[in-house]
There are 2 protein chains.
Amino acid sequence: MRLTTKGRYAVTAMLDLALHSHQGPTSLADISKRQEISLSYLEQLFAKLRKHELVSSVRGPGGGYKLSRESESIFIAEIIDAVNETIDATNCHGAGNCHKGDVCLTHHLWSDLSEQIHQFLSGISLADLVERNDIKAVADRQDAQERAQHEQVLAVIN
Amino acid sequence: MRLTTKGRYAVTAMLDLALHSHQGPTSLADISKRQEISLSYLEQLFAKLRKHELVSSVRGPGGGYKLSRESESIFIAEIIDAVNETIDATNCHGAGNCHKGDVCLTHHLWSDLSEQIHQFLSGISLADLVERNDIKAVADRQDAQERAQHEQVLAVIN
DNA sequence: TATATATCCGACTATTTTACTCAGATATTA
DNA sequence: TAATATCTGAGTAAAATAGTCGGATATATA
Ligand code: FES
Ligand code: FES
């Protein structure tokens, strides 16, 4: 089991997509700016998300990515799994053979833990997150910041 | 959040201690043999477990380690925490400041997940594990293997 | 049709962490 | 005093993380 920046970035980016899904495809450059994630790194992550058919892409100007399903049926567990951060907490990856080919002393504990985490994360969809008030607040703040920044850029140009 | 061999080893070793607690202090050499964990690595892990007052040591021949509390009041979460494998799944370690000093889009999700995992792992004591039938079975098998090996060594000597 | 915008793709890299090993000091029992 | 253990610190190979970089390809628009 591991959950690092990679998995967190993937979920953050997917949530950003869900939040801006009404305005056509979202470019990685936009997500990069809003969420402060390196563009090149996002490209790597989205290659994996695309392979797992969680997003689809539109190339060229005005293009970007969009969710390949409705946000109601994309679950957090899938996203984390897609970028290779397994939710499995066992050493044997479920095989039950990590102590001389046999089940080790703590296998059942890790197995139960994995089940617990999996149930939790596969019970939460992107739509669920979009609807949460605490997350709505953060999204609103980020959008306001983005608009303010945009206006400043325009002011500098003129 | 990460759970790797380090944390699994720590829990396995502590459970081994709990299982053999009736027969005085247990040496790391014994745990090393039974659980197939490098002795030097165990020494490192037990230095941390000792600092966190989960075990106490007896030096010299016949010495070893014993649990510093009854197994009923040592919880899995404490053990994992003691060897520096934090259960916290947030990037900000709870501070809520990983996006320009502010709360990021997914903070609340990781916060909830951490709570979930923590509740699960801090609700399980070493005594709980010792009592589980699936774990008893593994422990019995390991003890039988150990006795068989011991007899073989004696046979070779004679 | 040129240009700008975007995704795509592969290779490379610095840093960190993991999972160890090794050498030796120290304490205790017999 | 010899054997058995815990203690301590330093070092290290391999893997994973979190990126960077250079360039190819597709497409909308002027
Ligand atoms: S974790 Fe599955 S057998 Fe050890
Ligand atoms: S994870 Fe806590 S603010 Fe981002």
Side-chain angles (χ1 to χ4, degrees), chain A residues 1-13 17 20 23-33 35-68 80 82-86 88-89 91 93 98, chain B residues 1-13 17 20 23-33 35-68 80 82-86 89 91 98:
Chain A
M1 162 81 208
R2 50 175 190 273
L3 179 57
T4 63
T5 303
K6 200 200 295 185
R8 280 189 294 259
Y9 276 177
V11 174
T12 300
L17 262 194
H20 300 87
Q23 56 203 40
T26 308
S27 74
L28 294 188
D30 284 356
I31 298 179
S32 172
K33 269 179 229 150
Q35 307 305 334
E36 299 206 292
I37 306 174
S38 136
L39 176 58
S40 305
Y41 200 36
L42 275 176
E43 285 174 351
Q44 277 185 45
L45 296 179
F46 273 76
K48 293 183 175 183
L49 294 172
R50 200 168 57 95
K51 267 178 205 128
H52 283 78
E53 299 187 321
L54 293 173
V55 297
S56 58
S57 63
V58 181
R59 298 177 75 159
Y65 287 91
K66 51 187 180 179
L67 301 179
S68 59
I80 294 176
V83 294
N84 299 347
E85 294 216 307
T86 175
D88 189 4
N91 183 40
H93 303 290
C98 83
Chain B
M1 161 79 206
R2 50 175 191 274
L3 179 58
T4 63
T5 304
K6 201 202 291 187
R8 279 190 294 257
Y9 276 177
V11 174
T12 301
L17 264 193
H20 300 89
Q23 55 204 39
T26 307
S27 75
L28 294 188
D30 284 356
I31 298 178
S32 172
K33 271 178 229 150
Q35 307 305 333
E36 299 207 292
I37 307 173
S38 135
L39 176 58
S40 305
Y41 199 36
L42 275 176
E43 286 173 351
Q44 278 184 45
L45 297 179
F46 272 77
K48 293 183 176 183
L49 294 172
R50 200 167 58 94
K51 268 178 203 127
H52 284 77
E53 299 187 321
L54 293 173
V55 296
S56 58
S57 63
V58 180
R59 298 178 75 159
Y65 288 91
K66 50 188 180 179
L67 301 179
S68 60
I80 293 175
V83 294
N84 299 349
E85 294 217 307
T86 175
N91 183 38
C98 83

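Within every chain, numbering begins at 1; the chains are lettered A, B, ... in the order of the sequence lines, protein sequences first and strands thereafter.
Candidate nucleotides dA6(C), dA16(D), dT6(D) were compared by shortest atom distance to the side chain of S27(A), and dA6(C) ranks first.
Here the side chains of R50(B) and S57(B) are in contact, with some heavy-atom distance below 4.5 Å. When side chains are defined from C-beta on, E43(A) counts as touching L28(A), because their heavy atoms get closer than 4.5 Å. Proximity of I31(B) to F46(B): side-chain heavy atoms (C-beta onward) are separated by under 4.5 Å at one or more points.
For the pair K6(A) and dT17(D), the criterion of a side-chain N or O lying under 4.0 Å from OP1 or OP2 is met. The shortest distance between the side-chain N/O atoms of R2(B) and the OP1/OP2 oxygens of dA16(D) is not below 4.0 Å. Taking only side-chain nitrogens and oxygens, T4(A) never comes nearer than 4.0 Å to OP1 or OP2 of dA16(D).
When rounded to the nearest whole Å, the span between CD of Q44(B) and C1' of dA19(C) equals 8 Å. Regarding L39(B), its CG atom lies at a distance of 14 Å from the P atom of dT4(D), rounded to whole Å. Atom-to-atom, NZ of K48(B) to P of dT8(D) comes out at 14 Å; the value is rounded to the nearest Å. The distance between atom CG of D30(B) and atom P of dA5(D), rounded to the nearest whole Å, is 8 Å. Whole-Å rounding puts the L45(B) CG to dC7(D) C1' distance at 14 Å. Rounding to whole angstrom units, OH of residue Y41(A) and C1' of dA16(D) are separated by 10 Å. Rounded to an integer number of Å, the gap from CG of L3(A) to P of dA16(D) is 17 Å. Remark: P of dA6(C) and CG of L17(A) are 14 Å apart, rounded to the nearest angstrom.
If you check every strand for non-hydrogen atoms under 4.0 Å, Y9(A) touches sugar and phosphate atoms only.
Only one option out of L42(B), V55(B), L67(B), L17(B) pairs with L49(B) in a side chain to side chain contact (heavy atoms under 4.5 Å, CB included); it is V55(B).
Distance check: Y65(A) OH to R59(A) CZ gives 9.0 Å after rounding to the nearest 0.5 Å. Atom CZ of R8(A) is separated from atom CD1 of I80(A) by 9.5 Å, given to the nearest 0.5 angstrom. The distance from atom NE2 of H52(B) to atom OG of S68(B), rounded to the nearest 0.5 Å, is 12.0 Å.
Taking every heavy atom of residues 49-67 of chain B and every atom of DNA chain D, pairs under 4.0 Å involve R50(B), S57(B), V58(B), R59(B), G60(B), P61(B), G62(B), G64(B), Y65(B), by number.
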Strictly under 3.5 Å: I want the nitrogen or oxygen pairs between protein and nucleotides 14-16 of chain C, one per line.
none

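With S32(B) contributing its side chain and I37(B) its backbone, the two residues share a donor-acceptor pair below 3.5 Å. The backbone N or O of G64(B) lies less than 3.5 Å from no partner atom in the side chain of S27(B), so there is not a single donor-acceptor pair.
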